[in-house]
Each structure stands twice: as structure tokens, then as C-alpha cells.
Amino acid sequence: MVSSTSPASSRRPASRWGDGPTLSRRSVLAAAALTPLAAALAACGGTSTLGESSSTRLAMMNDNAGWLAGYQSAGEALQKVTGYDFDVNSIANNYNQIVKMSIQTRKIADVVKWQSGYPLTELVRGGRLAELDDVWDQAVAQDRVDESLRPFVSVDSHVYGLPLYKSHFAFYYSKAAFERFGLHPPESYDDLIEIAKTLKGNGVTPFSAQYTAWQPMCWFEELLTKTDPEFYLALTSGQAAYTDPTLLDVLRRWSELMANDWFTALDLDVASACGPMLRDGTLGMVPYGTWNSGSFVANGVEPGEHFGLFNLPPITRGVEHTVIVESGVFTLPRQSPNHAAAMDVIGEWLAPSVQQPWSDYLQDSSANPNVPVRNPAVVELQEQLARTEATPLQRFYESSPPQLVQTVLSDVSAFMLAPSRYREAAEQMARHADEAWTDWNLA
Amino acid sequence: MTVSASPARTAAHPTPAGPPPAAPHGRSLKDRLAASAFIGPATVFVGLVLLLPMVWTIATSFTRYNGVTMHWAGLDNYTRLLTDPGFGQSLLNTLLWSVGSLVLPVALGLLIAVVTQGSRLGTIARIAVIIPYALSGTATGVVYNFMLRSDGAVNQVLGTLGLDPVDWLLHWPMNTVTMIVASTWQATGINVVLFMVGLQTVPSSTIEAARLDGASGGKLFWRVVFPQMASSTIVVVGMALANSLKTFDLVWLLTSGGPGTASETLALTMYRQTFLLSRYGLGAATAVVLAIIVVAASWLYLRRSLRPEPA
């Protein structure tokens with residue numbers, strides 16, 4: 001701000017920076033006082049970065065910055081079909097909270113990446129998401145989506161999300177270790193135990209497990225669903241208790257596996273530590289999401305050459321084959337700035353010409369069953385799933401209220417470090433599950 | 001430290017030749033408006049960024065709010081918090097952090113300041129201790145994660161020496177003790193600086209007088225020097241106390257409060273309830289309890305330390 005030429009200022013000595021306009025104290029103070037106000041007004045009136053769309057680009061909120069190149073590839077294909085592509089805004093921290101807050105305003109992106117199952121229900125309860133029944137029906141009519149995914153993306157029989165991908169949770173296995181000792185992917189749980197014994201006897205660590213964040217879920221849901229899939233469904237929907245003998249049996253079995261010293265240290269990073277161990281044949285198997293293939297490749301561990309994938313066979317004899325499925329979803333906020341255009345774009349998301357570059361980038365299965373996956377390890381898994389007619393089950397993370405999932409997984413994490421105290425762990429899980437269901441039902 | 005209210009502090013600009021200061025009630029409207037213009041922006045700023053969020057947090061602590069729907073919950077959140085065994089563990093860990101932060105960084109800071117004072121090599125030693133303070137807690141966490149995980153640098157060194165690896169971060173209370181030691185590495189530097197300032201304020205004449213009276217070594221330090229560093233000690237201990245009660249970043253990066261919630265501090269409990277579990281009401285109640293503890297601990301400590309000198 002330029003000062004006024006007051007008599008007081010004219011008497012001042014010339015500034016050592018020259019004789020140009022000088023700042024009076026009053027001007028500086030006024031500017032200082034007005035700056036926060038101006039900033040606040042600008043923030044209130046300006047365009048939010050969450051909802052910044054242009055005439056041909058739709059703002060999209062996403063929590064995985066690592067997928068930017070994939071979104072760009074799919075976006076280019078989308079633009080050829082619809083005239084629109086994505087302007088991706090990746091938010092790594094507190095994504096859920098930011099979406100929940102911003103979706104209540106008009107400062108929301110046109111398309112929001114979210115989770116299926118209960119987290120989706122949580123957003124729908126707030127009345128802020130648009131129904132996608134027509135989009136879904138059209139995709140089914142065009143044979144662009146697996147109808148079996150509908151329950152995962154529906155709330156009260158209406159569709160609110162379109163699948164982003166279709167990942168599975170399975171066991172990565174070391175080609176080097178299996179070939180060295182003449183092993184093959186197990187056809188039964190007994191086979192798995194024999195494989196583990198052989199590997200351990202030859203100095204190879206049979207399994208990896210991680211105790212942080214959501215990762216305890218990998219073993220927890222595998223052992224649970226392969227022991228009793230019906231019980232898994234009852235447990236996750238609140239119809240069975242965490243102190244049920246079936247769950248105690250699962251935890252006891254897991255504690256016995258750990259007592260055999262068959263696991264890596266529980267704080268090893270999967271991609272950078274376990275991946276190279278698989279490649280080198282010093283680690284036998286890693287239960288994890290198939291979407292992790294790309295991270296293994298980034299660490300020099302190639303699908304087909306260094307690792308394969310298999311689905312864990314049933315533990316209880318006579319129980320059907322099941323597989324854990326995960327699918328993130330695209331949702332459309334009711335108040336999105338370019339709602340009609342966003343609906344058009346979402347309508348073409350599952351088109352083969354869009355899904356092929358997206359699947360190639362992820363190195364994982366598309367939600368469109370007619371889009372071939374080029375990752376040989378995932379192909380191997382898909383062949384096994386087709387051969388065994390494995391029933392898809394939604395993964396634990398989306399199968400119960402978010403508060404229950406977080407607290408129970410925290411308890412599972414504690415159990416992994418004190419496996420002999422599995423009864424106490426189950427009681428703790430039951431207490432936290434009761435609290436979470438109460439919260440959920442009161443919300 | 002003892003503080004006496006000197007006449008010079010209470011007198012309003014005693015200028016012998018100038019006119020007496022005007023009484024507040026005698027100020028003109030113009031003066032009042034001018035004064036308001038000066039303090040107004042600061043008052044509005046503090047109100048918006050400090051007081052309003054505080055009132056909002058207290059109000060939220062009486063609700064059941066998941067970020068989408070909000071219901072009145074009365075005292076439910078506080079009842080739930082105080083009956084949760086995890087909250088007791090969180091309080092215990094916060095207490096461990098407070099004791100550990102008072103004992104290790106403060107004692108080490110004092111020791112290093114005293115030992116290195118006046119020595120040329122001491123300057124190098126002090127710089128080595130102070131530099132970690134310039135690092136953020138996050139950077140410190142990343143470094144220690146690299147060092148302390150099962151396949152980390154420390155265990156690799158132990159392995160080359162033929163020793164068994166140690167689960168530094170996997171079990172409580174080992175993980176909490178390890179993290180307090182890691183925190184000491186970073187927190188000691190500022191204490192050294194503050195104690196150095198305190199040492200420089202001790203008049204050399206006092207020390208000379210004590211020496212003439214036969215004091216030396218430990219007796220000279222504890223009876224003469226240390227009492228005169230009271231102002232520095234109050235600041236150092238006060239900061240260590242408040243910071244330890246707010247411990248978050250290092251624990252979040254190294255164990256995320258785990259296994260389970262075994263190494264959680266109150267600040268982590270607040271974060272987990274709010275941002276991971278979307279229990280904003282319970283998170284707000286934790287924040288209120290934590291704020292009460294921090295204010296009460298600081299007030300009790302400072303009230304005792306800044307007790308006025310008896311007349």
C-alpha cells in the first residue's frame with residue numbers, strides 16, 4: 001500500500017532503499033488487520049480445490065496418489081467416449097473426514113472415490129449421494145459388470161457406487177522356493193500345512209504377517225472365511241458374537257501356527273521387504289490383496305516369474321470354496337457441480353476401452369468381467385477361482401461398521417503379539433463390537 | 001524461582017518531568033476507539049482460531065457425532081471414556097512419557113550444559129546435541145523407524161556382533177521406553193540451550209564468594225549455582241511437562257499406538273477416536289480431559305514455582 005504524502009512522512013530521512021514510495025506505520029497496520037479478513041473472504045467466495053472443474057475435466061477426489069498415472073490413462077480413454085476426463089485431487093491423510101465434511105457442502109468434487117459396504121452406507125445415511133440404479137442397470141445390460149457385485153455397492157436395494165476394480169485377497173507364493181522343493185499350490189488346508197513344514201525344514205520362512213493398521217485383516221479374514229463362511233457373514237452382520245466358539249477356534253488355530261515360528265517379524269514392509277524375500281526364495285507365502293502386484297513389480301519382483309497367486313482352500317472339510325473380494329467405488333455427490341456430465345462419465349467407466357488401460361495399470365482384475373487381465377499371477381488365481389467355483393465374500397473392512405472394523409482390527413493386532421491370550425483378545429473384540437453396533441444403530 | 005513485585009513494575013511510566021498518566025475513565029472516546037482498533041484484530045483472531053474451536057470442542061463432547069449425523073449425548077462420552085480400560089492405559093502411558101521426559105531430557109540437558117560450559121570441545125558437543133532439535137518430530141520418527149524395526153539398522157548391528165535381535169517396538173512397555181529414549185535424543189538440545197543461558201546469568205562474584213567460603217564441586221553447584229538457575233529450570237521443566245502431555249508424532253509414526261492400543265498416549269487416543277473411528281464426540285471429550293490435565297499440571301507447577309517472595 002502506498003502512503004499518503006503527509007507532512008510527517010515528508011520530514012523523514014530518505015529510505016536507504018531509495019526514494020520511492022514508503023510505507024507508513026498506519027498503512028502497514030491497516031494492511032495487517034485487513035489481510036486475514038481478505039483471506040477469509042477469499043476462502044469463502046473462491047472456488048474450492050475439491051471441486052475445481054473445467055469445461056472438459058471433472059474434479060475427482062481420490063485417496064491414492066500412487067494411482068495418478070492409472071487415472072490419467074483411463075481418463076484419456078474416457079475423454080474419447082464422453083468428452084470429459086478427470087482432474088484428480090489426491091488426498092492422502094484424513095481422506096474419510098474430508099469427504100464426510102465436504103460432501104455436506106457445494107464445495108465437493110464431481111466424482112468421489114469411496115469404499116463399498118458399510119462405509120458407503122454411512123455416506124448414504126447422510127442423504128448426500130446420488131442413486132446410480134440406472135447406470136448400474138445399463139452396465140448390466142451391456143454386460144459390463146459382474147452382477148454378483150451389486151450387494152457390495154447397494155444400500156436398501158439402491159445402487160450408490162460403481163465398482164472401481166475387483167481385487168481379491170489371496171496368497172502370493174514364491175516361485176523360487178516352491179520350485180526348489182518341488183511344491184505346488186495347496187489343494188487343501190492339510191497341503192498348506194505340509195508346505196509350511198517343508199519350507200521351515202529347509203530354512204525358508206513359510207509365511208509373512210503384518211500387525212499394523214488394517215493388515216491384521218489378511219490372516220484374520222482368510223482363516224475365518226475358510227473355516228466357516230456362514231459364520232463370517234453372521235459375525236460381520238452382528239448376528240454372531242466374537243466370543244463364539246468358532247471364532248475362538250480360529251484364533252486358537254492361528255496361535256498354533258504362530259507358535260510354530262512360521263512367520264516373519266510382524267513389522268516387515270510387504271512391498272520392500274517381503275517382496276524381495278519372495279523373489280529370493282527366503283519367504284514362502286504372503287497373504288495380501290492382488291492390487292499389491294504393482295508394488296512388488298516396483299521392487300523388482302515380477303508376477304509369473306517370481307511369484308504366483310493361489311486362493312486358500314477351505315480349512316473345514318465340506319465347506320464351499322470362497323474368496324475375499326474388494327472393490328472401491330466411484331460415487332456421485334448429489335450436490336456435485338457438474339452432475340449431469342459426471343453421470344455420463346460414470347456411465348462409461350466400465351466400458352472395455354476405459355477398463356483395459358486401467359486394468360493394465362493396476363495389474364489387477366477389472367470389475368468388467370470381459371476385460372482380460374494381463375498379470376499372469378492374477379490369471380492363475382482367476383483360473384483357480386473358476387475351477388473351484390469360489391463364492392465371493394466382501395472383505396472384512398467393508399463388511400461391518402467402520403468403528404467396529406477399526407477397533408476389532410486393533411484387537412487382532414494386539415492378539416498377534418500375544419497369541420496365547422486369544423480368549424482375552426476375543427472378549428475385547430466382543431466388547432468393542434458391542435460398542436460399535438450401539439453407535440451404528442444410534443446414528 | 002521467587003518473584004517479588006517491585007515498585008518499578010507497578011508504577012505506570014514514572015517520568016519525573018512529564019504529566020501524570022491519565023486515569024482509564026478519563027480517556028476520550030477517540031482514544032478508546034484507537035485502542036480498540038489496535039487490539040481488535042488480535043482479539044478477533046484469537047477468538048476465531050482459539051476460543052471458538054475450544055467452545056465448539058466442548059459442545060461436541062456432549063454429542064454423538066460421526067461426521068454425518070449428530071445427536072445429544074449428555075455426559076455419555078465422559079462416562080464411556082472413564083470406564084474404558086484403554087483410557088486407563090492411555091493415561092498410564094502419558095504419565096510414563098511425563099516422567100521420562102522430565103527425567104531424561106531435563107537431566108541430560110543440565111548435565112551437558114554444565115559439563116561443556118567454557119570448553120572449546122564442549123561447543124562441538126553442544127552443537128551435536130542441539131542439531132536434532134531442529135528436526136521435526138516426523139523426521140525423527142522416520143529415522144527411528146528405519147533404525148528400530150525388526151529388520152532395522154540397530155538389529156543388524158546387533159546381528160553382526162552375534163547378539164539376538166530385539167523387538168524394540170513390538171511389545172509394551174519396551175516400545176514406550178524405547179520411544180521415550182528416542183524422544184530424548186531430539187528434546188535434549190533445547191534444554192541444553194536454556195540451561196546454558198541460565199548458567200550465564202549466574203554472577204561470577206557469587207561463585208567467587210562461595211569458593212572463598214570453602215564451597216567446591218557438587219556442593220558449589222547444588223547449593224550456589226543451581227538455585228540461581230531457577231528461572232531457566234522453571235522454563236525447561238514447564239516445557240517438558242506440557243510437551244510430554246501432548247506426545248503424538250513419534251508414537252504415531254513408530255507404533256501407531258500399538259500393538260492394539262498398548263502404547264497410545266492421550267493425544268493419540270483423541271486422534272484415533274476422532275479421525276479413525278469418526279467418534280467426534282468421544283474424541284472431543286478426550287481433548288477436553290487432556291486440556292484439563294495439561295492446564296492443571298502447568299498451573300500447579302507454575303503456582304508452586306512462581307510463589308511470591310514473602311515480605
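Treat the numbers as computed from the prediction; the structure is a model and nothing was measured. Residue numbers begin at 1 in each chain, while the letters A, B, ... track the order of the sequences.
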Please tell me if the side chains of Arg279(B) and Glu435(A) come closer than 4.5 Å, counting only heavy atoms from C-beta onward.
yes
Is the closest side-chain donor-acceptor distance between Ser278(B) and Gln403(A) under 3.5 Å?
no
Under 6.0 Å from the CZ atom of Arg421(A), do we count more than 12 heavy atoms belonging to anything else shown?
no
Let me confirm one number: the CZ-CG distance from Arg149(B) to Asp269(A), rounded to the nearest 0.5 Å.
7.0 Å
Name the option with the most non-hydrogen atom pairs under 4.5 Å to chain B; the candidates are Gly127(A), Pro401(A), Gly126(A), Ser413(A).
Ser413(A)
What part of Thr407(A) lies closer than 4.5 angstrom to a heavy atom of chain B: side chain, backbone, both or neither?
both
Mark yes when over 12 heavy atoms from residues, nucleotides or ligands other than Trp214(A) sit less than 6.0 Å from its CH2; otherwise mark no.
yes
Proximity breakdown for Ala273(A) and chain B, heavy-atom pairs closer than 4.5 Å
side chain
Separation of Asp151(B) CG from Met277(A) CE (nearest 0.5 Å)
8.5 Å
Who wins among Thr69(B), Leu48(B), Val44(B), Leu170(B) for the most heavy-atom pairs under 4.5 Å with chain A?
Leu170(B)
Portion of Arg64(B) that has a non-hydrogen atom of chain A nearer than 4.5 angstrom:
side chain
So Asn66(B) and Glu122(A), do their side chains get closer than 4.5 Å, heavy atoms only?
yes
CG of Leu409(A) to CG of Leu276(B), rounded to nearest 0.5 Å, is 11.5 Å
Answer yes or no: are there more than 12 heavy-atom neighbours, outside Arg334(A) itself, under 6.0 Å from its atom CZ?
yes
Please identify, among His171(B), Arg272(B), Gln273(B), the residue contributing the most non-hydrogen atom pairs under 4.5 Å to chain A.
His171(B)
Quick one: does any side-chain atom of Asp267(A) pair with a main-chain N or O of Ser150(B) as donor and acceptor, under 3.5 Å?
yes
So for Ser256(B), is it side chain, backbone, both, or neither that comes closer than 4.5 Å to the heavy atoms of chain A?
neither
Looking at Asn441(A), I want to see if its CG is surrounded by more than 12 non-hydrogen atoms of other residues, nucleotides or ligands under 6.0 Å.
yes
Atom of Phe275(B), atom of Asn94(A) and distance for their closest heavy-atom approach
CB-OD1, 3.8 Å
Before you tell me yes or no, could you show the steps for Arg431(A) and Asp84(B) under side chain to side chain contact (heavy atoms under 4.5 Å, CB included), namely the whole-Å CA-CA distance, both residues' side-chain angles and the distance that decides it to 0.1 Å?
CA-CA 10 Å; Arg431(A) 193 173 63 78; Asp84(B) 181 4; 3.6 Å; yes
Could you give the distance from CG (Asp167(B)) to CG (Leu417(A)), rounded to the nearest 0.5 Å?
8.0 Å
As an exercise, state the distance from CG of Leu277(B) to CG of Asn96(A), rounded to the nearest 0.5 Å.
11.5 Å
Atom OH of Tyr78(B) with >12 non-hydrogen neighbours under 6.0 angstrom
yes
